[in-house]
Amino acid sequence: MFPACRYYLQARRCIRTLKAVQVGHVAPQVYSTQRSSSTVPRITTHYTVYPRDKDPRWEEIEMERFADEADVVIVGGGPAGLSAAIRLKQLANQHEKELRVCVVEKASQIGAHTLSGACLEPTALNELIPDWKERGAPLNTPVTEDKFSILTEKYRIPVPILPGLPMNNHGNYLVRLGHFVRWLGEQAEELGVELYPGYAAAEVLFHEDGSVKGIATNDVGIGKDGSPKDVFERGMELHAKVTLFGEGCHGHLAKQLYKQFNLRENCEPQTYAIGLKELWVIDEKKWRPGRAEHSVGWPLNRNTYGGSFLYHLNEGEPLVALGFVVGLDYTNPYLSPFREFQRWKHHPSIMSTLEGGNRIAYGARALNEGGFQSIPKLTFPGGMLIGCSPGFMNVPKIKGTHTAMKSGMLAAETAFSKITDENLQSETAGLYIPEYKEALEKSWIWKELYAVRNIRPSFHNYFGLYGGMMYTGIFYWFLRGKEPWTLKHNGLDSAQLKPAKDCAPIEYPKPDGKISFDLLSSVALSGTNHEHDQPPHLTLKDDSVPVAHNLAVYDGPEQRFCPAGVYEYVPLETGDGMRLQINAQNCVHCKTCDIKDPSQNINWVVPEGSGGPAYNGL
Amino acid sequence: MSGRVLVGVKRVIDYAVKIRVKPDRTGVVTDGVKHSMNPFCEIAVEEAVKLKEKKLVKEVVAVSCGPQQVQETIRTALAMGADRGIHVEVSGKDYETLGPLQVSKIFAALAKKEQADLIILGKQAIDDDCNQTGQMTAALLDWPQGTFASEVSFEADKLKVVREIDGGLETIKINLPAVVTADLRLNTPRYATLPNIMKAKKKKIANVKPADLGVDVCSRLEVLKVDEPPQRQAGVKVETVEDLVGKLKEAGRV
């Protein structure tokens, strides 16, 4: 039995700071572990942890799936996936060939799960759709002013952005990426792409020779306890000659593929950050459309990577998009990225912009920081990885959309030549297309990522942020990344946390309800929702690990790094000890828990399609 | 008896989304906001499809009034099992002022044109909560109505409807043709699965204008102003009953 008294006080503090969400649920089933006599309430019921072929409740259920054939199936309707789809159809029309392209997307509508700053570099768009302006692409705000600052608790130190530094945004556009993705979806549909929003790819299918055959969409109608409901229906199989995986940062199918095909054996592990974002309608007098502001420093200490953005959008009303990014290699388990974000807004230079304004949207998403060193093997028989899933983000520029789009386009071009090659003799049933990697290496993506490869790792020094900025100033600005060495990352983000007893709890100020807000009202603004009667999609490999390890050693960091209040440690009904409560309905699909869990016990799988946030132009 | 059922489906803002009032106070923001089929309409479609599966009706026609986007809602109904769809095109200012009276006139005209035997609607829409369209449609057609239905069955040539009313459950028998509005416990709607969505692309959706049906969609109502509900004021705690009575007297409530 755990020493309940020591953790009881800490738990009470946690519960006070995070108002408890009353979720009407059936009393958790309890089972005993073999190791100790303590009982652990059953949390995980998903079939990926408890297979259905061994489950008696599933004996009589028909598990046959309807299958259909396409030429290319694309998982994920984001910038990479849609660019690939558009490029494929452009080539098909150009060469007068028939090509069936299907895109499956877990959001209920294209763009509803898209979240980004965003400052778009139009290079890839200019290549993909040169007449984007005539076609009404929502790039309404060219950047007119760049501001970069180092913040201290009370002051702001401006840093000049010289041309040539990665943060210079001349020629770029401030966009609402969700609206841009929606527009890309319309362009794709016009070209004849079959878009299926509301259907998540839940399973990768394999041919007998081990190559990828396609995907299967999620089953529907499974109850919270894992049993089949009356409305149970199997998902559908979509078979393809090649499948493109564009699930965005830390995709769940990509995670499986890395293991299956050993794609990460020659690259560094991916490192990540979490980005939280809000949209505000501000006082017109404070509105400066076209201004892009970035800051580093307060409230983070010099050894925690992160910073903020604040973009003044020109879309009719005085709108600003602002947000905060925290590197997930932070070491203090008491750090809460959400509360750092809320705290940052109280800085005098930020508060002056927000005062008198109204918050209208909130969301969060993990993003890649690994850059060049973390790019895995990108092709395998039957499939390719595109976009932020393998990760092509230019970290100092904090831009990944243009490289994601370009990777989708290159994947489409190489796939198209292979598919339409009449003399093709493929060794595997699913096509293997290593030409994609070669095309990437010859493209501007590779040069760009190589040039900035050392900037992020340069923060791993005693001076932290200041060391990194000096490195950027010296080596990048003068040498453009031509230095002959490549710095390494620090290892997995999940391994970076120090035990709670070695760290000081952080006292965050209470939200004031005008500039800063509490977590639950923020989550409500994301519009997130899931069918409540389904197995929690945040699955645990071992239900006993959260309390025994995460809470015991790290004081339950998942309560703090989840930007949606999914994880809560609550007292057991019997009174002695705690249990983990997973409020899966709140999830905004950011993937931070899967990345940062120190026990790597949490496995995020996709819930029933059309669940998740309902972002509108975020 | 044509065995034809008309089902009305309405495209509304998804129930989980936070509503925002437009800056000019004329309505709520709908552009880019997540929409879905009204939950009660889903139940109505499910009931119609169940009746068809039991071979009690022959054809299910899904109807929606609105701009181009309502075709997605009709497709969902087709994917759930409806046979064909009718899209009554209403857009722009007309759509913003479209209300139960105009929709009932449209349904009444369609029911006559399609020679429907049964109209199943959701009891109310979650955006305006009017709870009027079913009742008005029945009145315009002079048909019997079974509203707030939690159970619908055929008995000989009559329709037996169990209704959820304030006092409990009321069972009525009505002649056909009739209008039924679905309440929450009528059934659990099935999912629109991907194979069915793909098949639904081949099912027909006819486009019709209200003028073709002889219906004038001009509204008799004018919306003056739309506001958010007032911010909740902090309460005051009192120690004794005397204090409470004193405070109530101060506020002029007693």
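Just so it is clear: chains get the letters A, B, ... in the order the sequence lines come, proteins before strands, and each one is counted from 1.
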Self-check item: Proximity of residues 193-204 of chain B to chain A, residues having a non-hydrogen atom under 4.5 angstrom
Solution: Thr193(B), Leu194(B), Pro195(B), Ile197(B), Met198(B), Lys201(B)
Quiz item: Checking Glu237(A) against chain B: side chain, backbone, both or neither under 4.5 Å from a heavy atom?
Solution: neither
Exercise. Give the member of Arg234(A), Glu233(A), His179(A) that has the highest number of heavy-atom pairs under 4.5 Å with chain B.
Key: Glu233(A)
Exercise. Step through the shown structure and confirm whether more than 12 heavy atoms of other residues, nucleotides or ligands are within 6.0 Å of NZ on Lys209(B).
Key: no
Exercise. Grab the two heavy atoms, one from Ser108(A) and one from Lys34(B), that are nearest each other, plus how far apart they are.
Key: OG-CE, 3.0 Å
Quiz item: Under 6.0 Å from the CG atom of Asp129(B), do we count more than 12 heavy atoms belonging to anything else shown?
Solution: yes
Practice problem: Between chain B and each of Ala107(A), Ser526(A), Gly221(A), count heavy-atom pairs under 4.5 Å; write down the option with the most. | Solution: Gly221(A)
Quiz item: If you count heavy-atom pairs under 4.5 Å between each of Ile360(A), Asp68(A), Thr528(A) and chain B, which one has the most?
Solution: Ile360(A)
Self-check item: Region of Ser610(A) that comes under 4.5 Å of a non-hydrogen atom in chain B
Solution: backbone
Exercise. Would you mind checking which part of Ala524(A) comes under 4.5 Å of any heavy atom in chain B, side chain (CB onward), backbone (N, CA, C, O), both or neither?
Key: both
Practice problem: Over all heavy atoms of both residues, which pair between His35(B) and Gln109(A) is shortest? Give the atoms and the distance, please. | Solution: N-OE1, 3.8 Å
Self-check item: Under 4.5 Å from a heavy atom of chain A, the part of Asp14(B) involved
Solution: neither
Quiz item: Does Lys229(A) NZ have over 12 foreign heavy atoms under 6.0 Å away?
Solution: yes
Quiz item: After noting the C-alpha distance and the side-chain angles of Tyr191(B) and Glu531(A), does the key distance pass the side chain to side chain contact (heavy atoms under 4.5 Å, CB included) rule?
Solution: CA-CA 11 Å; Tyr191(B) 287 84; Glu531(A) 162 61 52; 3.8 Å; yes
Quiz item: Would Arg20(B) and Val281(A) satisfy side chain to side chain contact (heavy atoms under 4.5 Å, CB included), going step by step from the backbone distance to the final call?
Solution: CA-CA 12 Å; Arg20(B) 188 163 74 100; Val281(A) 176; 3.8 Å; yes
Quiz item: Using a heavy-atom distance cut-off of less than 4.5 Å, which residues of residues 39-55 of chain B contact chain A?
Solution: none
Quiz item: Within a radius of less than 6.0 Å around CG of Asp227(B), do more than 12 heavy atoms belonging to other residues, nucleotides or ligands occur?
Solution: yes
Self-check item: Shortest non-hydrogen contact from Asn529(A) toward Ala16(B)
Solution: CB-CB, 3.4 Å
Practice problem: Quick one: which of Gly198(A), Ala112(A), Gly527(A), Gly111(A) has the most heavy-atom pairs under 4.5 Å with chain B, could you say? | Solution: Gly527(A)
